[in-house]
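Note that ligands are numbered from 1 as they come in the structure, with each ligand's atoms numbered from 1 the same way.
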Amino acid sequence: MSAPLSLSTRAHQTAVPAISYFMEQGVQNPNLISLAAGLVDPVSLPAEEVRAVVNELLAERTSTQAAMQYGTTQGYAPLRDKLHRHILTLDGLTPNDAAFGPDDIVVTTGSQQFLYMLGELLLDAGDIVITEAPSYFVYHGILTSLGIRTLSVPMDENGMQTDALAELLTRLERAGELPRVKLIYTVDYFQNPTGLTLSLSRRQLLLELAQRFSKTQRILILEDAAYRELRFAGDDIPSVKSFDRANEHVILAMTFSKPLAPGLKTGYGVLPRDLVGPLLRFKGNHDFGSSNFNQHVLDRLMASGAYAQHAEGLRAIYRAKRDTLLSALAEEFPPALSPLRWTRPDGGMYVWLTFPPEIEAGIDSRLFKAALREGMVYVPGEFCYVNSSPLPLGEGSGLRAMGRNEARLCYGVAAHDELREAMRRLGRAVREVLPMEKITVRNFAGCKA
Ligand SMILES: Cc1ncc(COP(=O)(O)O)c(C=O)c1O
């Protein structure tokens, strides 16, 4: 018998990513309608646009060689120029107002690589990161793997509750733990998983809090704006980054995955200037540059206006899908009769369900199993709370206190008829575990969506 493998501490701290489990469910059962995986709408993927640009790129020797050769660690400079202008345009700013420039932008292999590298760059085991509760569970995976203490702040319809954040920071200060607080992580537009958006006034408060509590070291805000460009209702709100006039406190993470195509796996981040060099040293070790070819493709898509046009088209597509899902939910669970509650996102791809307390929705629950038997799958809310993930993590699995009667639905990938059918299946599953007449709206008091 061969000698046992000796894995790193970090490997032992790294759980099976929850998303792999949900992907497998779909592969194992082709009749299953998955509203679990956060995949984008497949029909609208930009095949024509990408084909045209790739043909153009490969038609000439110089452009072919430029795109097929290694690029730079930081990313293709013309693309970074366009990204700079793009972010300023989103925030209604001109280059004169800009607190950062193209050299403060790093192009990465998806925003996921950016999030991961920031973890390596900024965090030591035992450091504290504050997230929203609930929050993006793949990011929690990174934090767990790095041995980070993750604390969380509740949300309401205006996003992260900044009062609760202020209280938490005050408590940490009294306990002498403020020096360990490194990052506050927010998915501030149409959050994954709830679909909620951080309000304008809270954006300013969030930055003020980070500044006020930066006593022995800078507390950074990691603003993950992955879904920002998928707004289909209401007015846009400026980024937290746009209030960071000295480019000191806010790291902005963006991606082409949601507004264009995840297959290109290209993201980008804006960093305070003194973080750029250290990040590039890490990226040099990771891959010394993300796919140069993809960056040339993206540069041309941005230059021709095809990117902006595509994102515009997507907004209408996701709006229609949200409407289909919400009306199917309302049909299956009429608000006057049913205590099930859900969020109404103004963009992005997620709706958050809150069942009444007597309906457990976790991965071991009767409801989850009944839904699978009926042929639909959702993400149990417990995955989206720190320390609540039920998947095995080395020696011991986490606690499971939160999110037990909550669920995330993604309307990105399913077609309209599948969204309607998935809600009929969920309706049957709910009725199987608890007939509606047994649930009173009074029982539901205390839960809010
Ligand atoms: C909030 C959030 N951040 C980051 C990512 C990572 O996306 P990518 O690496 O494809 O840019 C995702 C993907 O679902 C996400 O939902």
**OP:** Count the heavy atoms belonging to other residues, nucleotides or ligands that lie under 6.0 Å from CG of N55, then report whether that count exceeds 12.
**Re:** yes

Subject >> Residue and atom name of the nearest protein heavy atom (relative to atom 11 (O) of ligand 1), distance in Å to one decimal >> reply: T255 OG1, 2.6 Å

**OP:** Starting from atom 4 (C) of ligand 1, locate the nearest protein heavy atom and write down its residue, its atom name and how far away it is, to 0.1 Å.
**Re:** S111 OG, 3.3 Å

Subject >> Polar contact flag, side-chain donor to acceptor under 3.5 angstrom, E132-S135 >> reply: no

**OP:** Kindly confirm or rule out an N or O of Q112 lying under 3.5 angstrom from an N or O of ligand 1.
**Re:** yes

**OP:** Check the side chains of Y268 and Q295 for a donor-acceptor pair under 3.5 angstrom, ignoring hydrogens and angles.
**Re:** no

**OP:** List the closest protein heavy-atom neighbour of atom 14 (O) of ligand 1: residue, atom name, distance to the nearest 0.1 Å.
**Re:** K258 NZ, 2.7 Å

**OP:** Write out the residue and atom name of the closest protein heavy atom to atom 16 (O) of ligand 1, then the distance separating them to 0.1 Å.
**Re:** Y227 OH, 2.5 Å

Original post:
Taking atom 3 (N) of ligand 1 as the point of reference, which of D188, V187, D224, L264 owns the nearest heavy atom?
Top reply: D224

Original post:
Purely on distance, is any nitrogen or oxygen of Q113 under 3.5 Å from one on ligand 1?
Top reply: no

Subject >> Residues Y185 and D224: side-chain donor-acceptor under 3.5 angstrom >> reply: yes

Original post:
Should we say atom CD of E120 is surrounded by more than 12 heavy atoms from elsewhere, each under 6.0 Å from it?
Top reply: yes

Original post:
Going by the atom numbers of ligand 1, which of them fall below 4.0 Å from some non-hydrogen atom of S257?
Top reply: 8 (P), 10 (O), 11 (O)

Original post:
Side-chain donor-acceptor pair under 3.5 Å between K182 and Q217, yes or no?
Top reply: no

Original post:
So which protein heavy atom does atom 9 (O) of ligand 1 come closest to, and at what separation?
Top reply: K265 NZ, 2.7 Å

Subject >> Check against side-chain hydrogen bond (donor to acceptor under 3.5 Å, both in side chains), T255 and K265 >> reply: CA-CA 8 Å; T255 180; K265 200 62 185 169; over 6 Å; no

Subject >> Top protein contact for atom 5 (C) of ligand 1, by heavy-atom distance >> reply: Y136 OH, 3.3 Å

